[in-house]
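Just below is one structure, and these are the notes that go with it.
Just the heavy atoms: all of them, side chains too, but no hydrogens, waters or symmetry mates, feed the values below.
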Amino acid sequence: LLGVGTNLKYYIEEGGDYNDVTPIRATFNSASIPSTNNCIFTTNGSNVVTVNYANYGGIDGDFVTISGATAVGGIPAGELNAEHQITYVDLDTFTFTVATAATSTVSGGGGTNITMAFQVNTGLDVYVTGNGWGAGTWPSYVNYTLTNPFTAAGIGVSTLTVTQASHGLTTGDYVYFVSIASDPCGINRLVLQKAFPVTVTSPSTYTISTVIGGNTYLTTSTAASGGTVVVSIPVAPVRGWGAAADVGIGQQLRLWTNDNFGEDLLIAPRGGEIYYWDATTGLSVRAVELSTLASGATVPGTAYTYKDFVPNKTNQILGSSIQRFAIAFGSNPYDPTNPTSTFDPLLVRWSDQENPFLWVPEATNQSGEYRLNIGSFIMCGRSTRQEILVWSDAALYSMQYLGPPYIWGFQLLQDNITIMSPNAAITVNNVTYWMGVDKFFVYSGRVETLPCALRQYIFQDINKDQAFQVFAGGNEGYNEVWWFYCSQGSNTIDKYVIYNYLERVWYYGSMNRTAWIDSSLRQFPIAAYPSAGTTSGRILYHEAAVDDVSGLAPIPIDAYIQSSDFDIGDGHNFGFVWRILPDLTFNGSDVNQPSVTMTLRPRQNSGTPYGTADNPRVTSAQNYSNRATYQVQEFDGQVYTRIRARQMSFRIESDGLGVAWQLGSPRIDIRPDGRR
């Protein structure tokens with residue numbers, strides 16, 4: 001089985017079928033308070049259905065499954081009783097679209113048997129800067145309570161004005177809206193409870209933009225609103241807490257963590273609850289909150305049950321496959337007097353051994369917790385053969401199982417180091433590689449910098465506002481470690497860099513992928529291809545064919561490799577090339593007479609642009625279509641060329657359908673020429 005998390009849902013793939021196991025956040029029915037009775041509204045001639053239900057807790061783009069409703073306003077019950085993606089209107093109202101237009105206006109219908117099951121809130125597919133615990137330095141701050149501070153200059157605008165007497169801010173400072181009681185000017189209050197840079201308009205007013213990530217939230221009223229609002233402002237306004245920085249939790253970017261617990265699955269959206277999928281229930285059953293599976297018995301000496309003390313939030317869930325623990329990186333600590341204690345982003349908390357539902361430390365079990373002391377938050381944890389590596393945003397720890405009474409021991413391996421994102425580390429052959437914010441690292445028993453010939457190019461090319469999208473993957477068949485990242489100017493993954501740990505060489509290229517896994521249980525590496533336009537996202541098998549099948553029809557892969565410059569005697573003399581002897585095979589091609597282009601690119605002097613290239617073509621005489629075995633290669637044994645330069649580079653490439661090639665050690669006949 002393959003777990004697949006998107007910014008909207010979580011699926012389990014089996015045999016090419018994707019089974020939606022996204023957990024349910026809340027279910028409301030006729031017995032709920034308030035009741036769901038007759039909560040559906042229609043407008044004559046419109047396909048848009050409106051639902052009025054107080055405090056349903058949704059955001060724009062969430063999914064709800066309705067059942068038990070009767071036909072309303074000419075819209076058949078079958079179209080209402082289905083899964084819908086909602087459009088947020090306000091705290092008590094949402095809409096969705098159906099195929100049939102209403103034939104009458106109905107103000108409240110659907111009967112008394114309506115059930116609405118809301119899936120977990122959706123997330124964004126991009127990182128929104130200006131959010132996250134520990135994003136930069138942490139100045140002292142103070143909370144202010146305001147009443148209806150939000151106004152707007154008009155309806156349909158994406159800027160809110162905040163009125164706060166003597167705020168003391170300057171343009172570019174950040175404020176954090178801790179809580180907002182009601183929707184400001186018609187904009188969902190939940191999307192505004194985060195940090196914003198401000199533009200100061202007067203000593204008592206400033207504005208914020210409601211263009212958040214890829215979403216634009218527009219006002220529907222101009223009146224002073226928001227109810228009781230708590231806003232946090234640094235005492236000495238600086239870019240720091242909540243500021244746009246290279247680190248931070250990044251709650252809006254939906255990053256799932258998932259891991260096996262035996263044949264079952266632990267999953268958690270970063271910054272959200274922990275969920276559990278039981279394989280014995282089948283692929284038609286959704287994952288459920290881990291706490292619902294815990295014991296309902298009262299914990300001795302407390303007023304609460306074991307269910308109450310399951311972590312209510314985490315940044316990562318990991319299943320220790322050998323020792324059989326469920327481990328939460330970032331959690332609320334165990335407090336027998338308060339099961340909803342404050343979330344601690346540096347806390348490592350684990351369940352009892354062999355029991356992922358028991359999180360109360362007792363003399364009869366092995367559950368417990370440990371707080372790291374360096375950093376602002378835990379970035380991620382990764383299992384290796386002998387230990388679990390745990391990164392904070394400033395240090396690397398080793399977590400090793402000791403057994404009772406200490407259970408887990410923690411050792412600081414290195415401080416003053418960085419990691420780019422929660423998914424930027426990978427372990428291959430018991431060696432761990434990861435991307436830092438300005439260089440690469442390797443751990444094989446000690447932490448070392450990984451020399452990288454492409455370091456300057458890569459780290460100047462990365463869009464660090466989207467650092468949390470960076471992820472690592474392995475391609476074991478070719479001894480490679482990959483890192484995918486967003487390049488400058490792009491908010492989606494479009495580039496990669498590869499380290500070949502056998503040959504210790506680096507190479508790079510362009511590719512759109514959002515996740516990668518290479519497992520011995522599957523024949524080929526698997527990658528996620530994002531949605532683009534009308535093309536849906538999909539799972540792709542790499543190394544399985546020779547063409548690009550990410551779109552609706554196969555297209556050629558523009559495959560190439562280019563050398564660095566070479567010369568004769570440090571370029572004192574010009575070199576003259578008159579012949580190339582290719583060392584080339586086309587095994588794996590599935591077309592007749594595949595070919596490549598071999599290019600020599602000359603420079604007259606170091607640092608000058610390449611001049612006119614000479615690019616002879618090499619074509620196989622064999623027909624490879626449907627060929628199962630290959631004869632000794634037949635291709636041009638020598639290729640004549642004519643090029644003169646102090647320095648030159650060699651490039652081989654193909655851009656045809658069905659072409660595969662392997663380059664050996666080509667010979668280039670080059671002789672010294674004059675110096676001018």
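Take Asn463 and apply the side chain to side chain contact (heavy atoms under 4.5 Å, CB included) test, not counting sequence neighbours, and it matches Asp465, Gln466, Cys486, Asn491. Remark: Ala472 engages Ile426, Trp483 in a side chain to side chain contact (heavy atoms under 4.5 Å, CB included) (not counting sequence neighbours). Remark: Thr298 pairs with no residue by the side-chain hydrogen bond (donor to acceptor under 3.5 Å, both in side chains) rule, at least two apart or across chains. Residues forming a ring pair (Phe, Tyr, Trp, His ring centres under 6.0 Å) with Phe63 (at least two apart in sequence, or on another chain): none. Every residue meeting the side chain to side chain contact (heavy atoms under 4.5 Å, CB included) condition with Ile59, not counting sequence neighbours, appears here in chain and number order: Asp62, Asn121, Thr122, Asn188, Leu190. Listed by chain and residue number, Glu387 satisfy the side-chain hydrogen bond (donor to acceptor under 3.5 Å, both in side chains) test with Tyr443 (two or more places apart in sequence, or in another chain). Annotation: side-chain hydrogen bond (donor to acceptor under 3.5 Å, both in side chains) contacts of Thr65 (sequence neighbours excluded): none. Partners of Glu13 according to the salt bridge (Lys or Arg N to Asp or Glu O under 4.0 Å) rule, which considers only residues two or more places apart in sequence or in another chain, are Arg522. With sequence neighbours excluded, no residue forms a side-chain hydrogen bond (donor to acceptor under 3.5 Å, both in side chains) with Ser444.
In this structure, Lys495 is not positioned above the aromatic face of Tyr485 in the sense of NZ or CZ being under 6.0 Å from the six-membered ring centre and within 45° of the axis.
Separation of atoms CG (Asn7) and CH2 (Trp256) is listed at 10.5 Å; rounding is to 0.5 Å. The CG atom of Asn81 sits 6.5 Å away from atom OG of Ser67, with the distance rounded to the nearest 0.5 Å. From Leu266, atom CG reaches atom CG of Asn260 across 8.5 Å, with rounding to the nearest 0.5 Å. Rounding to the nearest 0.5 angstrom, the gap separating the CD atom in Glu369 from the CD1 atom in Ile327 is 13.5 Å. Expressed to the nearest 0.5 Å, how far CD of Gln316 lies from CZ of Phe329 amounts to 5.5 Å. To the nearest 0.5 angstrom, Thr432 atom OG1 is 13.5 Å from Phe441 atom CZ.
For the side chain to side chain contact (heavy atoms under 4.5 Å, CB included) with Tyr11, the lone residue among Val21, Leu2, Thr6 that qualifies is Thr6. The only member of Phe309, Tyr306, Tyr304 that meets ring-ring contact (aromatic ring centres under 6.0 Å, His included) when paired with Tyr334 is Phe309.
Between Trp434 and Trp391, the distance from one ring center to the other falls under 6.0 angstrom. Tyr397 and Phe410 have their aromatic ring centers separated by at least 6.0 angstrom.
Residue pairs that meet the salt bridge (charged side-chain N to carboxylate O under 4.0 Å, His left out) test with at least one member in residues 439-448, sequence neighbours left out, are Arg446-Glu448. Applying the side chain to side chain donor-acceptor pair (under 3.5 Å) test to pairs two or more places apart or on separate chains, those with a residue in residues 401-416 are Gln366-Tyr401. Residue pairs that meet the salt bridge (charged side-chain N to carboxylate O under 4.0 Å, His left out) test with at least one member in residues 277-292, sequence neighbours left out, are Asp20-Arg286, Glu83-Arg286.
Between the side chains of Thr36 and Ser30, not a single donor N or O lies within less than 3.5 Å of an accepting N or O. Remark: the Asn29 side chain and the Thr27 side chain contain no N/O donor-acceptor pair separated by less than 3.5 Å. Of the N and O atoms on the side chains of Tyr10 and Asn19, not one donor lies less than 3.5 Å from an acceptor on the other residue. Under 3.5 Å, the side chains of Tyr275 and Asn258 contain no donor-acceptor pair of N or O atoms. Side-chain N/O atoms of Tyr529 and Asn512 include no donor and acceptor closer than 3.5 Å. Remark: the Ser421 side chain and the Asn423 side chain contain no N/O donor-acceptor pair separated by less than 3.5 Å.
Note: Phe118 and Phe28 have perpendicular aromatic rings, judged against thresholds of 30 and 60 degrees for the angle between ring planes. Relative ring orientation between Trp482 and Tyr496 is described as tilted, the plane-to-plane angle lying within the 30° to 60° band. Using the six-membered ring where Trp is involved, Tyr276 and Phe357 have ring planes that are perpendicular, over 60° apart on the 30 and 60° scheme. Relative orientation of the Tyr88 and Tyr56 rings is tilted, given thresholds of 30° and 60° on the angle between their planes.
Of the possible donor and acceptor atoms, one in the side chain of Thr257 sits under 3.5 Å from a partner among the backbone N and O of Ala268. Between the Asp393 side chain and the Phe377 main chain, a donor and an acceptor come within less than 3.5 Å of each other. A donor-acceptor pair under 3.5 Å links the side-chain atoms of Ser295 to the main chain of Ala297, judged by distance alone. No donor-acceptor distance shorter than 3.5 angstrom exists from the side chain of Thr22 to the backbone of Lys9, with no hydrogens or angles considered. In this structure a side-chain-to-backbone donor-acceptor pair under 3.5 Å is present from Ser392 to Ala395.
At most 12 heavy atoms of other shown residues, nucleotides or ligands fall within 6.0 angstrom of atom CD in Glu476.
For the pair Ile539 and Tyr18, the tightest heavy-atom approach, listed with the atom from each and the gap, is CG1-OH, 3.0 Å.
Salt bridge Arg254/Asp125: absent, no basic N to carboxylate O contact under 4.0 Å.
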